[in-house]
Structures are given as C-alpha cells and as structure tokens.
Amino acid sequence: MGEIESGHSIGAVESVDAIVVGSGVSGGWAAKELTERGLRVLMLERGKPIEHGVDYVGEHQPSWKRPNKGLRPRALYAEQYEIQSTSYAFDETTRHFWNNDAQNPYDFNPDDPFRWMRADVVGGRSLLWARQSYRWSDLDFSANKRDGVGIDWPIRYEDIASWYSHVERFIGVSGQSLGLDQLPDGEFQKPMQMNVVEQYVAKKIKEKFPDRVMTIGRTATLTEPLPGRAPCHYCGPCHRGCSAGSYFSSQSSTLPAAMATGNFELRPNSLVERLEYDAKGQRVTAVRVVDTESGQRRRYAAKLIFLCASTVGSTQILLNSPGAGDGAFANRSGALGRYLMDHTYRAGAAGRIPGFEEYYPYGHRPNGIYIPRFRNVEGDDGLGFSRGYGYQGGASRRSWDAQAKATPGFGADFKHGLRRPGPWYMRLGGFGEILPYAHNTMALHPTKKDRFGIPQVTFHFEFGENEKRHRQDVVDQAIAMLEAAGAEDIESGAAPMVGGDAIHEMGTARMGHDPDQAVLNAHNQAHAATNLFVTDGACMTSGSCVNPSLTYMALTARAVDYAVAQLRAGAI
Amino acid sequence: MQRRELLQGALILLGGTLAESCTRAVEVPIADRTIKTRALTTGQQGIAHRCADLIIPDTDTPGALAAGVGDFIDYVVASWYQADERASFIRGLDALEAESVRRFSASFTKLEASHQVQLLEELSAVAERDAESSWDQGGAEMFLQIKELTVTGFYTSELGSTVEREYVPMPGRYDGFFKFNVVGKLWAR
C-alpha cells in the first residue's frame, strides 16, 4: 500500500477507503467510527509506536526504583525538552511520550512565547491529557453571534447533543448531574467523591453565593467497568499510562475498537508533510508522508481524508498544501492559521482551611472539583468583560515536601513532626475563555525548516483586555469564595499569561457557513475539498471555558456519520 | 527580601520551579556538567553523612543513613549538582569543619554529639530563623542543601516509604472521609 515518491512500488499499491492523520482523541474516534461503518482505514501517526500496557514503563514505579534517584536530568531537559518539560506531567516516567523539542522544533520566540505541547507517540496526547470532560452549551455555540465577535458557529447544541452521549457512553465519563443550562449533563458513571473539606467548602459557597455550585470534576476515568477496562484503582499519576484502561486513551479504547473490525491499519513514524489537491475536482488526491525513520517519502490516496493531527499539526499540514494559485488550497477565506485560541490559566487562590485534622484521605483521586461558569450566564453581568470562566481545584493536606520545607530545625523532633499530615488547603484555579482574534496566529516560518525540510511553525499570540479583566475576576472571586469558607492565610495571584499554557489550543481552521470566512462547514468538511474533514481543535470557531477534548470527539463522530452517508450517496 | 528567603533559593531538588532549574542548567557550560564519580574528599563526605544522620536520626524507626541517604548525597553532589551548587555545598562543609576546629580543636566528625548539634543549630538559625552568625561563611546555604538532600533521599527511599510511611501502590478506592488514626502514618507516593 502506498508508493514511494520515486515511483518504485513498495508492494501492492492498494487503495484504502479512508486515511486518518493522527492517533490522539480525535484520530482514534475517526478510526473507530469509520471502520465500524465498514470502511478500510489507514491511520498515519508521526510518532513512535506505544503498546498499551507494555510501554507504560513508569506505571506503578515506586520512588526508590526510578532512574537517577528520581531526579530530573536538568541539562538534558534544558537542551532537548525546553518546552515540553514545563508540563506537570513531564518527567522520567513519561518522557518517552513527549516531543523532543530539539529534534522536532518550532520557531519559539521568548519575547512572544507560545507553548506548543506535543506528544510524539501513537495515542498522542490522549495518553497524557487531564481527562476533564465537559459538554458545551448553547451559551457557547451562540456566543460569537451574540457578542458580534468572530463568526457564528454553524451548529447549535441540539446538533451535537446525541453525539456527546454516544462518545460519553463509550469513553466512560464519571460525574454528577446538576441540571445547569450552561453545563449540560451527560451520560455519567457514578461520580467520584468530594472529600470532607471539599464538601464543607461547597456548602459554604452555596450559602454565600446561591448561583455558584462546586461539584466533583467530570472525568473520563471509570468508576464502573466497561468492556476490557477496569474501574480506577486510585494509584494517582494517570499520565504514566494505565494498563487497566481506567482512563480513556486511544490505546485503551478507540484503537482496539478499530482493530477489532479487521478494517484497520496503523502506520507509526509516518509524518504527513502535505496534501495534494485537485482544484477542478475540489478533492484531495493524495497525502504525502515522510517516514521519520528512513526519511523516505511516500504518497497515499483515499476516498476520505480525516485530518486529526491536533490544532497546530493539522493547520501546519494545510498551510503547507498548495492550491492552483498562490497559497494554501484551504485558505480562500484567509482564516487559515488565524483565530488561534487557548484558555486563560494559572490564576486563582489557595487558603488554609482550619480544622478537619482527623481526616486524611485514602487513595489518590485523579480528579478535582469543578465550579461551572457563573458569569454572564443570564445576560451581560456588567462586569466589564464578556463570556466567563470555570474553576478547577481541590482540597488536600499540605504535601510532605512542602511540610518539610516549612518546618525549621532537624533531629528526632523534626523527623517525628513530619509524621502528621500538614494542614488542609483549598485551591481554586480558573480556566477562562479567550476570544477569537484574527491577530492570534500560527504560520509557516519563511526560512526555518525541520530535519525533513518541512517549514517550521511560528506563532504570534497576545491576550486582550477581555482576558485581563476576567482573569482579575477569577482571582477576586476565588478569594471571596475561600473567605466564605473560612479560609485563612489566603494566597492569590495570576502568573504571567503565556499562550498554549493551558494546552487547550483551538482554532486556526474554523467552522462556519460562509466559505469566504471559514475553512470548514457545519460538518467539519473543508469548503475547498469535499473529501477532506478536519475534526480536531483546529475546527473551533470559539473557545468556551470548558476543557475541549470531549467536543472534538463528538464533532469527529458526527463528521464521520455525515461523511460516510455522503460517500454512500455518491456526493463525495 | 529577607535573608531567609534568599537562602531558600538553595532548594532545588523539589523546590523552585522547573523553569528556573532549566534556565540554570543552560547557563552552566557543558564542560562543567560532566559526571564526577567523586566530588568530596573523605573528610567532607564524613561531615556530610554525619549531618544527614543528625537531621533524620535513628529513633523508633531507622534514620537517614540506614535508608541509604549517604549514597543519595554522594550521587547528587557528584552527578546531579551543577558546578556552582557543588562549590556552594563544599564551601559550607569546609566552613563547618573550620569552625569545629577553631571552637573545639577537633574535626567535626570527632566531636561529641552535643557539640555537633550546637554547630548545626547555629546554621539552622541563620538559614531558617534569620539569625546572624560570625562564622557562617556559606555554612547556612550548605545546611539547607544537606537538609533538602536528607529529606528527599529519606522519604523517597524504600525504607522511608515503607517503614517510616505507608506505601499502598494500589489503593483500589478513594475515601475522602478516611481517618488519620486508622493508618497513623503518612502515605508514601
């Protein structure tokens, strides 16, 4: 299958029905849905193979068995993982999942920074994600139209609601139903438990602020079994991989489903360089691939192409795919590479909650609390900013290393003093919506190329007044809620904002009805090419304030349903 | 900024942000990053190990040296510390030894335990309680370094995790109302 660029066949040149580019949350869903509809699918993944279970080398590894005495090799990280090593999930137990920034660089400008966090393995960031799973609402889908910012979404909640259900039932989402319009309930497994202090703080917040609710996070981590997957055993660091399949990843869930159909082939180490385009037929005719091990170039053809290479990855491919005239074939609208979004992050407060000293939770819950958006829900609250934010956080006793640092002295008293857990602290951090701005962009660098000669990505990202204002409110309201809960020694703050920091990058190939304004239509189908669908974060027309992965999965399943129907009807 | 806060900058194993430690690593010339098998003299090593023993001693449970913290210190100082961190550590050990000889006319490792404790307490007071000292000469920075090494090495060791603390690799459930007195120890991670 496929042919080498020089024309030498590498075996039988076989056509497939569909090519899926990328194996993360979106690509995995595209492969599952396409193969289950009987299509023969080839998945191209730039990263190395990772076998479920076998390659989770850091899973359940005790601290005393870690290499380098558990310490981070600082010089190596600085030289080769300058960007990726800034993640909380990056260390020697997970490094093999991440992109090597020296080997696969982008144009990082410290004066205009954008952090592009990337996996470089089969499964992509589905192995590393924080698993929080929230539905969008019509408050989100109608936001651009209401504010006159950006363009209107071509869909509404009713178009995607049944697809959310379809996805949730398969991936397994645990959570609590709340009956809120701004955060629709889903098909939930039983919720994880809020601990004693979280329940207390939730009650105090509700008393003081009747419109605010603190709930347990909705997470794609099982509390009830699903076929081939066990409920969470609460060991803690999910990002090292979970051989029990308790959290959703492509490896635990969608790739086995695709494999089970017999219609699926996966090719790792296959970096997609660009798409070939037939302007007359308005079709993508081939996908050009670099084998990252041999450097050899190949071309593949298929009836359908699903681009699921991540927000930045997919748009990089599109920007590098010329049309008949100047520029990229998919950029008639001029929107390609623009309206890049993320969420505001690293703002909030934490405070000590007196009492509850007899309680010391058992098990390491891979989940925290959530406070759904309460700003500008019924209309404009007159606070000087539009849209809103939600809080994530939790209550825990101060960690042993922080406790040790805070304890002066040494000797037997010091040692025995560290035998009791530290005080309880409640933390609240906001994730806020960033508006779609035309000037927030990713582009191909005019001269810098990667080791295969592919133009590197460069970014320009700035935050607007709306983000600065809501972020101040994030801090102020976190303090107000902690005070309502009787917290003491409250510390608050907002770290300098850096694009990409929340790892919720979205936009750059937005959906919209008008081909002069949008790259994709209401079914994630490219306006310029009937057989091309882009269903990862690149498609997002606005950003909401909730974690976006669940929406990518639902949009992907919906797009596959449409694409296959169109294919069967002869319209593609 | 208080002197104490300045000194807290010496904490790097678990403290400080990653970005800071990365930046520091870049600033150090490659030649200075080469792994040394031995960075301390026998005398300096003896002082460092005795300090670890004083910081987390044997009590009703084994202490730092029984848990292998001596090896941990040797590894970090020789192979993980950057040149400036190593130099600061050695300078502090030498300052402690010099004061030991000046005040008690004997090497630190040969002193009575009460005199060893007295000297370490003076360094702790400078490093952790903003006290002044006439003989510090880098000893306070070293005290914070050795304390961090001892704490980290001890509580991440097998003995520290399984004897001093309770290690439950597969808890199987989450109980946010669990009572501390049921276990009576901290969970190891």
Side-chain angles (χ1 to χ4, degrees), chain A residues 60 62-66 68-79 81-82 85-88 90 192-199 232-237 357-365 367 395 399-405 407-412 414-416 418-421, chain B residues 8 11 13-15 18-19 21-26 28 30 33 54-57 59 61 63 72 75-76 79-80 82 117 120-121 124 128-129 147-148 150-153 155-158 161 164-165 167-181 183-189:
Chain A
H60 301 144
S63 58
W64 61 90
K65 291 201 173 148
R66 282 175 214 150
N68 314 313
K69 309 261 183 205
L71 300 173
R72 307 161 71 89
R74 291 179 290 176
L76 174 74
Y77 288 10
E79 277 161 17
Y81 299 93
E82 181 189 2
S85 62
T86 60
S87 169
Y88 71 93
F90 185 99
M192 288 185 180
Q193 184 196 43
M194 291 206 291
N195 65 41
V196 59
V197 168
E198 289 161 349
Q199 292 192 19
C232 179
H233 54 271
Y234 295 94
C235 74
E357 279 168 19
E358 67 271 37
Y359 296 100
Y360 185 51
Y362 174 86
H364 308 294
R365 187 189 61 193
N367 191 14
S399 69
W400 67 268
D401 49 319
Q403 192 67 359
K405 254 192 276 186
T407 308
F410 59 92
F414 173 74
K415 179 186 176 188
H416 293 168
L418 293 181
R419 286 179 173 176
R420 287 201 66 83
Chain B
Q8 297 285 343
L11 302 176
L13 292 180
L14 296 166
L18 172 65
S21 34
C22 273
T23 309
R24 288 168 56 79
V26 176
V28 175
I30 298 274
R33 290 190 212 147
L54 290 166
I55 290 166
I56 299 186
T59 56
T61 57
F72 183 79
Y75 170 81
V76 172
S79 304
W80 196 82
Q82 292 157 9
V117 167
L120 266 202
E121 269 177 356
S124 163
E128 300 179 315
R129 288 188 288 269
K147 185 171 168 183
E148 185 185 35
T150 305
V151 165
T152 305
Y155 292 109
T156 60
S157 71
E158 182 167 11
S161 299
E164 182 69 14
R165 295 194 168 158
Y167 179 64
V168 184
M170 307 276 260
R173 67 193 165 89
Y174 177 75
D175 180 357
F177 287 74
F178 190 82
K179 292 284 183 62
F180 176 69
N181 62 16
V183 58
K185 294 178 179 181
L186 297 199
W187 308 120
R189 291 297 305 261

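So that the names make sense, note that chain A is the first sequence line, chain B the second, and so on, each numbered from 1.
Only the side chain of B:Arg165 comes within less than 4.5 Å of a heavy atom in chain A; its backbone stays farther off. Both the backbone and the side chain of B:Lys179 come within contact range of chain A, each with at least one heavy atom under 4.5 Å from a heavy atom of that chain. Heavy-atom distances place both the backbone and the side chain of A:Tyr359 under 4.5 Å from chain B. Contact of B:Ser157 with chain A is made through the backbone alone, with heavy-atom distances under 4.5 Å. Both the backbone and the side chain of B:Phe177 come within less than 4.5 Å of a heavy atom in chain A. Contact of B:Pro169 with chain A is made through the backbone alone, with heavy-atom distances under 4.5 Å. In this structure, chain A has no heavy atom under 4.5 Å from any part of B:Thr150. For B:Val117, the parts sitting under 4.5 Å from any heavy atom of chain A are the backbone and the side chain alike.
Here A:Lys415 is the residue among A:His233, A:Lys415, A:Lys65, A:His60 with the most heavy-atom pairs under 4.5 Å with chain B. Looking only at heavy-atom pairs under 4.5 Å with chain A, the residue among B:Gly184, B:Gly176, B:Ala188 that has the most is B:Gly176. Top candidate by heavy-atom pairs under 4.5 Å with chain B, chosen from A:Met192, A:Gln199, A:Glu198, is A:Gln199. For the set A:Val196, A:Asn68, A:Leu418, the count of heavy-atom pairs under 4.5 angstrom toward chain B peaks at A:Val196. Of the residues considered (B:Glu121, B:Lys185, B:Arg173), B:Arg173 shows the highest number of contacts with chain A, using heavy-atom pairs under 4.5 Å. The choice from A:Met194, A:Arg419, A:Glu358 that makes the most heavy-atom pairs within less than 4.5 Å of chain B is A:Arg419. By number of non-hydrogen pairs under 4.5 angstrom with chain B, the leading residue of A:Ala412, A:Cys235, A:Ser63, A:Gly236 is A:Ser63.
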Quiz item: Checking side-chain contact (heavy atoms from CB on, under 4.5 Å) for the pair A:Lys69/B:Trp80: CA distance, chi angles, key distance, verdict?
Solution: CA-CA 10 Å; A:Lys69 309 261 183 205; B:Trp80 196 82; over 6 Å; no
Exercise. Could you walk me through whether B:Val168 and A:Tyr362 pass side-chain contact (heavy atoms from CB on, under 4.5 Å), step by step?
Key: CA-CA 9 Å; B:Val168 184; A:Tyr362 174 86; 3.8 Å; yes
Exercise. Applying side-chain contact (heavy atoms from CB on, under 4.5 Å), run through A:Tyr234 and B:Asp175 and close with a yes or a no.
Key: CA-CA 10 Å; A:Tyr234 295 94; B:Asp175 180 357; over 6 Å; no
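In this pair, B:Tyr167 and A:Trp64 present their aromatic rings perpendicular. The plane angle is above 60°, beyond the 30 to 60° band.
Across every non-hydrogen atom of B:Thr152 and A:Trp400, the tightest pair is CA-CH2, 4.4 Å.
Counting heavy atoms from C-beta on, the side chains of B:Ser161 and B:Thr156 never come closer than 4.5 Å. Annotation: side chain of B:Tyr174 is not in contact with side chain of A:Asn367 (no heavy-atom distance under 4.5 Å).
Using modelled atom types, one finds a donor on one side chain and an acceptor on the other under 3.5 Å when comparing B:Glu128 with B:Ser124.
Evaluation of the ring pair (Phe, Tyr, Trp, His ring centres under 6.0 Å) rule for A:Tyr360 yields B:Phe180, B:Trp187 as partners, not counting sequence neighbours. For A:Ser399, the side chain to side chain contact (heavy atoms under 4.5 Å, CB included) test picks out A:Asp401, A:Ala402, with sequence neighbours left out.
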